[in-house]
Chemist: 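Below you will find the structure I want to go over with you.
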Amino acid sequence: MNIVVAVKQIPDLQQIRIRDRRPVLDYVPCVLGDIDKSALEAAVELKESVQGRVIVVSAGNGEIEDTVKEALAAGGDEAVLVEDDTLADADSSVVAKVLAAAIRKIDDVGVILFGEGSADNYSGRVVSAVAADLGYPQVGYAKQIEVDGPLARVTRSLEDSDEIIEVPLPAVISVVSEIKEPRIPSVTSILKARKKPKAIYRLDDLGIEIPSGKNITTISNLAPVSERKGIVVKSVDELVKILKSERRLER
Amino acid sequence: MEFKLTKEQQLIQSVARDYAEKAIAPLIEEIVEKNEVPDEIIDGLKDLDLFALPISDEYGGAGAGYASYVLAEEQLSRICPGVAVIVSVNNVGAAAMSIFGTEEQKKKYLPMGTTGSGVFSFAFTEPGTGSDPKQITATADRDGDYYVLNATKRFITNSSYEGPIIVFARDTETGHINGYIVDKFCEGYSISEPWKKMGVRGAPLYDVYLKDVKIPKDNILGGPGQGFWILKVAMALGKIGISSIFLGAMLAAYEEGLTYATAKTHRGAPIAKFQAIQMAIADMFMKYEAARWMAYRIGYLADNAQDKGDILKDSAAAKIFITETAIDVARIALNIHGSYGLMEDYKISRVWKDVIFGSQVEGVSHLLKVLIAGEILKG
Ligand SMILES: Cc1cc2nc3c(=O)[nH]c(=O)nc-3n(C[C@H](O)[C@H](O)[C@H](O)COP(=O)(O)OP(=O)(O)OC[C@H]3O[C@@H](n4cnc5c(N)ncnc54)[C@H](O)[C@@H]3O)c2cc1C
């Protein structure tokens, strides 16, 4: 049984600058988001128990072939990619359709892992849409997964409790970052990543229909303004008093 | 001409950065205090193949080349130059063996410094000379199938770790300077008390004593009479490590200066609002950028040179420029801090004591300039 991990290439968040409350993306390299790396790490661990392969799936522009090396260095066995420049800013319904079509090309799929939301937009819409498209059950917020024959036992991290459920496979499971700390890959595994098998599809190869109009329009996407209060105090006592009145000293 | 890292290089850079931030940074106080790097860090570097990046994977290295090595060493040194120095000297010894060693020597010794439990040392300096190989007084006496070595070697990095040490000594019969391969801690090998270095804390530094150390006659690196040539190549490659290490220290200084300039306020505004501080920030940026591309280029040259000795002029130039610029940048960053920069609570005080090492090791600047001019005038 194979394990699929869907990963998304995003601009390296550490290298983004904000100008006029908008991100400046020039010269910022593409990387994988941290939750996706946690999902991958969980997949690598699961692989031991199911004796399958970890197959990384991703859709994106021409850089995706390069970006996915990071996942192949960190334990992915092969990659299935959909490469098209229009995918860079495609909306989530299109991406879900594309990913579902790519996953259909893979044999013997058992578990399909996603990060709970992408590290850039965090809309979290793709997971459900892929599950619906494939007709598989979906489980969210997984912090632990065990595969037991035709079932997966999933511990879900809910706000004030954990929930353990069983789900028949194949299933789409989205994970929270605490499921696994992503590993630091070794230099040798980075150098070997380029030799791992990759299947690269164009949109036309997938036999799906992409709606021409946009379903989703982003009206505005601005960094929050952090306003300082500009309170000047004259003594420590006064500072403590203010902090207390704002209930900031209670923890 | 493309000024861009490959994806692999970007990833290797972030492996080193992540490892340095996650595994080394939390221990930095302890490393500085005890002047010792915990063994688990060396093991961790070996597990990630960061310990012998340019050495061929046939012998347990990563086979990642010198351009990647520069990137990784810069990131390690940004957090802890001491750790980066251990790696750098290991790679000088291992590279000399990769280039000049026989197949048998490589099979036996290289894995010790790549995946095994050892670390290479490279012993040239003596109490009487650090710059002039002609003045070496260590001796090797031929005795049948053996050589018997006697030497006092000064300031030898990694000499407290097990593994091979390449010792430069004079064959008393032929007068040749040769590199001899010795197993550290064999009979007759001993080390001094550790030197109490003011900076680059953690990198082990001792004097090494060889008293009638007996080694098989085949333990000459590269055969008799090649000592000078080996030194030239090893020094050319060693300067790549030193350039990267002081580039990393410079980056640390730059970051500290910049952070302080934006965090420290005067009359409610960050001091970065002052034009004088802005000049300082621009200066740090300019100097770091110039140094960085010089360092990256020297890695590239090493990867593309058939004969690594050919890059000596360029690697000497990079080494002088980068080590001296590191001092400039640290000085600027310290100025931005005012008196706070002199306090041990501020990282810049430590970086200041680190950067001063660059110009004094692996060839002092004066001599290297003579060497560079010599090459240029040769035409
Ligand atoms: C942290 C650290 C680690 C080290 N690790 C190693 C190691 O692993 N292995 C090793 O072999 N060594 C090592 N060394 C030693 C180091 O490489 C030498 O100390 C260095 O090369 C300088 O030699 P010296 O101190 O003997 O200086 P000298 O050669 O005595 O030079 C002193 C001064 O005289 C000037 N001078 C000397 N000769 C000339 C000349 N011909 N023309 C013009 N000026 C001249 C120099 O410029 C310098 O200013 C290490 C040193 C340190 C601090």
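Every chain is numbered from 1 and lettered A, B, ... according to where its sequence line falls, protein lines coming before strand lines.
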Chemist: Any side-chain heavy atom of A:L191 within less than 4.5 Å of one from B:I12?
Modeler: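 With C-beta onward as the side chain, the pair touches.
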Chemist: Quick check: are there more than 12 heavy atoms from other residues, nucleotides or ligands sitting under 6.0 Å from CD of A:E246?
Modeler: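 Check passes, neighbour count above 12.
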Chemist: Say you draw a straight line from CZ of A:R183 to CG of B:L48; how long is it, rounded to the nearest 0.5 Å?
Modeler: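 It is 10.5 Å, given to the nearest 0.5 Å.
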Chemist: Please find the pair of heavy atoms, one from B:V15 and one from A:P185, that lie closest to each other, and give the distance.
Modeler: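 Result for this residue pair: CG2-O, 3.3 Å.
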Chemist: Can you tell me if OH on A:Y141 sees more than 12 non-hydrogen neighbours from other groups inside 6.0 Å?
Modeler: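 No - once you tally the heavy atoms of other residues, nucleotides and ligands closer than 6.0 Å, there are 12 at most.
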Chemist: What's the shortest heavy-atom distance between A:V187 and B:A62, and which atoms?
Modeler: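 Looking at all heavy atoms of both residues, the shortest contact is CG1-CB, 3.8 Å.
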Chemist: Starting at CD of B:Q9, measure out to CD1 of A:I190 and round the result to the nearest 0.5 Å.
Modeler: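 Rounded to the nearest 0.5 Å, the CD-CD1 separation comes out at 11.0 Å.
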Chemist: Tell me, yes or no, whether the heavy-atom count around B:K308 atom NZ, taken from other residues, nucleotides or ligands under 6.0 Å, exceeds 12.
Modeler: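 Above 12, so yes.
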Chemist: Side chain, backbone, both or neither: which part of B:L5 has an atom under 4.5 Å from a heavy atom of chain A?
Modeler: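 Answer is neither: B:L5 stays 4.5 Å or more from chain A.
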Chemist: Take a 6.0 Å sphere around CZ of B:F285 and say whether it holds more than 12 heavy atoms from other residues, nucleotides or ligands.
Modeler: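 No, because the 6.0 Å sphere around CZ of B:F285 holds 12 heavy atoms or fewer from other groups.
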Chemist: Just verifying a value: how many Å separate B:Q10 CD and A:D66 CG, rounded to the nearest 0.5 Å?
Modeler: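 The CG atom of A:D66 is 7.5 Å from CD of B:Q10, to the nearest 0.5 Å.
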Chemist: May I ask you to check whether over 12 heavy atoms, not counting those of A:R104, lie within 6.0 Å of atom CZ?
Modeler: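 Yes, the 6.0 Å shell around CZ holds more than 12 heavy atoms from other groups.
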Chemist: Crowded around A:Q14 CD? As in, over 12 foreign heavy atoms under 6.0 Å?
Modeler: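 No - once you tally the heavy atoms of other residues, nucleotides and ligands closer than 6.0 Å, there are 12 at most.
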Chemist: Applying side-chain contact (heavy atoms from CB on, under 4.5 Å) to B:D57 and A:T188, what does each step give before you reach the verdict?
Modeler: CA-CA 8 Å; B:D57 52 2; A:T188 323; 5.5 Å; no
Chemist: Looking only at heavy atoms and a cut-off of under 4.5 Å, which of A:I184, A:V31, A:V232 has the most pairs with chain B?
Modeler: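 Most heavy-atom pairs within the cutoff with chain B belong to A:I184.
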Chemist: Checking A:E65 against chain B: side chain, backbone, both or neither under 4.5 Å from a heavy atom?
Modeler: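 Neither the backbone nor the side chain of A:E65 comes within 4.5 Å of chain B.
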Chemist: Heavy-atom cut-off 4.5 Å, strictly under: side chain, backbone, both or neither for B:K22 against chain A?
Modeler: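 Just the side chain, heavy atoms under 4.5 Å.
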Chemist: Check whether more than 12 heavy atoms from other residues, nucleotides or ligands sit under 6.0 Å from atom CD of A:E45, and answer yes or no.
Modeler: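 Atom CD in A:E45 is not crowded, with 12 or fewer foreign heavy atoms closer than 6.0 Å.
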Chemist: Say you draw a straight line from NZ of B:K7 to SG of A:C30; how long is it, rounded to the nearest 0.5 Å?
Modeler: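 Those atoms lie 7.0 Å apart.
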Chemist: Can you tell me if NZ on A:K192 sees more than 12 non-hydrogen neighbours from other groups inside 6.0 Å?
Modeler: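 No, the 6.0 Å shell around NZ holds no more than 12 heavy atoms from other groups.
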Chemist: Can you pull out the residues in residues 241-269 of chain B with any heavy atom less than 4.5 Å from chain A?
Modeler: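 Those residues of residues 241-269 of chain B which would need a heavy atom under 4.5 Å from chain A do not exist here.
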